[in-house]
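One structure below.
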Amino acid sequence: MPSAIVRGATGQPGPIAYPSGITTGIFNELNFVIPDYIPGIIAKYGNSSYALVMELLGRSSVETVNTTTNTFSHFEKGRPYGSGLVNANVTSDTAGAAINITLKSPQSYNDGTTGTQSPFLLNQVVKIRSNGRKFRVTAITRTTSAFVIEATPLGLYTLITGTSGTTLNAGEGLETFGNQLAGESSDSQGTMQQKMYRYDNTATVLRASTKASDLAGMNKTQIDFGGGNFYEPALAIQTMNQNMMMDIEDAVMEGVPYANTTATGTVGVIPAVEARGSEIDYVQYAFAIGDFQNLTNVLDANGGPREYHFLQDLKQRQDINNLLFGVYKNGAISYGSAGGDAVTSAAYGFNGFSTDTFNFFFHRYKGFGAEATFGYVPTQGDYRAFFGLAVPQGTIVDAKDGATRPQLQFVYQQNPDITAGQKIYSWDLGYTKATKTTIAENKYEQIAYVGSRVLAAEQFAVLKGIAS
C-alpha cells in the first residue's frame, strides 16, 4: 500500500463547555479515587501553552495605546514615482510628431475609479517602458478617469511600443520624471506629493469566565494541577488562561467580522494583508525554485526589507523542506537571527534560507492547523492548508507623526481605571472572595480589548498552495 497515516490526529472536539460552571459532577466523570496514580496531570496532546505570534516574530512587538474610543489609526504614504498605462492603441508614424494618449483607468489614477488624481504634470519628461524613449507632456486634458496627455518626443523618433511598427500599444507603461529639459530662464513647475493613506482599525472585546461551586472547590484530589494545587478548579482556570491567549491571537491574526452585529470587532492581520498585500500561489506538493523567485520578485518590487519571518502550516512547511533538501543536498538550511541569535531561533523552531538578497526564516505555526490545535483532520476543506504568511522584520516611520513602529503589532486598548500596561484584566468574586455573592460559588473573569496594526501591508505576502 502507498505511504499513508493510518491513525492521525485525535482528540476532537477538545475542551468541555460547562454553561453552568463546575460542580461535584466532575469527580464522577473521572472517578478520581483510585488506588495507584501519578499525581501530576499529563498533557495528552503535548504542550498546550499557546506561543503568541508576537513572541515568535522576535522584533515585532506589542503596542499599548490609550484612546477615548476603541478606534486607532496610522498613516502611510504611497510611492514617490509616478506611472500610468496607455488605455488604447495610438498610432505614431511621424518622427518627432506629438500624439495624444488617454490614460487607462483605474491603474493611472491615485483615487482609483474616481479618476481625478494622476501623477502626470505639464512639462514632465515621461519614459516608455518597452523601449526607453522619452517624451515631454505638452498638454493635459483632465477628463475624469480619461486624462489625455499630449506627448511630444524629445528626439526625432516615433512614440511606439518596442523598436518597430507604428503603434503605441494599450497597456504600455509610462513612467514620469521631473522636468529634465527646463532650459534657460525656466519657470516653476507643478507640485508632486506622495499620496497619503489613513488606515483605521478597532479593538474587539474578548471575555472568558470560570465558575466553580463551593463543593467543587473544596474537594481535594490526588492530582497536582500545578504549583501544588490539588483542587480541580485550578485546571479550569488554567484552561481559561490558555483559551484567552488563543482567543486574542486568533482575533488579531484572523480578525473578528462585525458588519452583521451590533458589537465592534476588528480587522485581523491576515485580512489586512489579503486586502492590501501580495499573494503568491504555487501548486501543492510541487513547490519549485521558480516559486521562490516569484515571491522575491514581489517582495523586491514592494520595497520589502532584507529579513522575513514565515508563519506556515505544516503542509506548506513540508513542501518547502522537500524542495530545499532536494536541491541543496549538502545543506543550505541554517538557523539565523530570527530576531535574536541562533540559539533563540532554534528554540522557536525557525529555519533560515537566503536567496535573491532576502533572508527567510520559516516556522511551522500551529495556529493554522486543525490537527495540532483542535485534534481532528478536516475532510470538507481547509482554508489554511498549504498556507503561509511572510512577515517583514523591521520598522516603518509613520508618515504623519514620524514615530517608528514595527510592521506588525498587537494593539491593546487601555482602560484608564486598569493598571497601565495590563493587557488582560482579571478579577474574581464569590462567597470566599473579597467581592461577595449570595450563591456559594466562586467566579473568575477575564477581559481584553485588542486589535492589530499592519504597517505597509504591501510588504507582507501570503504564500498559498493551490490544487492545480
Side-chain angles (χ1 to χ4, degrees), residues 50-65 71-77 197-204 206 245-256 265-280 295 298-299 302-313 336-340 344-345 348-350 358-368 384 387-399 401 403-413 423 448-464:
Y50 206 73
L52 288 177
V53 69
M54 61 190 178
E55 299 295 337
L56 293 173
L57 295 177
R59 295 174 189 168
S60 293
S61 64
V62 176
E63 180 183 21
T64 302
V65 296
T71 299
F72 49 92
S73 309
H74 75 278
F75 294 82
E76 297 179 10
K77 56 186 177 182
Y197 299 88
R198 171 181 153 183
Y199 297 105
D200 300 332
N201 202 356
T202 52
T204 192
L206 295 92
M245 299 302 284
M246 182 173 178
D247 288 350
I248 290 173
E249 179 139 325
D250 181 78
V252 168
M253 295 300 292
E254 300 283 357
V256 183
T266 188
V267 177
V269 171
I270 295 174
V273 173
E274 289 174 335
R276 296 191 282 129
S278 304
E279 177 181 324
I280 299 89
L295 174 63
V298 170
L299 299 181
N302 287 334
R306 179 179 178 84
E307 184 169 311
Y308 275 81
H309 288 184
F310 245 108
L311 301 178
Q312 301 174 300
D313 89 305
S337 70
T344 303
S345 300
Y348 283 145
F350 279 95
F358 290 98
N359 296 331
F360 296 105
F361 298 96
F362 303 105
H363 179 81
R364 194 269 289 180
Y365 176 52
K366 282 189 175 182
F368 291 154
R384 288 290 177 251
F387 185 89
L389 177 68
V391 180
Q393 294 301 289
T395 56
I396 291 293
V397 177
D398 191 301
D401 61 17
T404 301
R405 298 188 174 99
Q407 289 183 246
L408 186 155
Q409 299 170 306
F410 285 45
V411 181
Y412 292 85
Q413 184 183 357
K423 300 174 181 65
Y449 307 83
V450 65
S452 64
R453 178 180 277 127
V454 179
L455 289 86
E458 294 76 8
Q459 295 180 24
F460 290 67
V462 167
L463 181 65
K464 187 181 296 184

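All residue numbers in this chain count up from 1 along the given sequence.
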Give me the atom names and distance for the closest heavy-atom approach of [X] to [Y].
X	Y	result
Q459	P305	OE1-CD, 3.4 Å
T202	F72	C-CE2, 3.7 Å
G388	F310	C-CE2, 4.1 Å
A457	E76	N-OE2, 4.4 Å
V256	A251	CG2-CB, 3.7 Å

Enter the distance from [X]:[atom1] to [Y]:[atom2] here, rounded to the nearest 0.5 Å.
X	Y	atom1	atom2	value
F362	H309	CZ	NE2	11.0 Å
T71	Q413	OG1	CD	8.5 Å
F460	Y308	CZ	OH	8.0 Å
F360	E307	CZ	CD	11.0 Å
E458	Q407	CD	CD	10.0 Å
L295	S278	CG	OG	9.0 Å

Would you say the side chain of [Y] lies within less than 4.5 Å of the side chain of [X], judging by non-hydrogen atoms?
X	Y	result
N359	Q393	no
V269	V391	no
V462	L389	yes
V454	Y199	no
V450	T266	no

Check: Does NZ or CZ of R276 fall inside the cone over Y197's six-membered ring, less than 6.0 Å from its centre and within 45° of the axis?
Finding: no

Margin query: Donor-acceptor pair, distance only, cut-off 3.5 Å: does the side chain of D313 make one with the backbone of F368?
Written below: no

Notebook entry, point to check: Would you say the side-chain atoms of N201 pair up with the backbone N or O of V267, donor to acceptor, closer than 3.5 Å?
Noted result: yes

Checklist line | Partner set under side-chain hydrogen bond (donor to acceptor under 3.5 Å, both in side chains) for S452, not counting sequence neighbours | finding: none

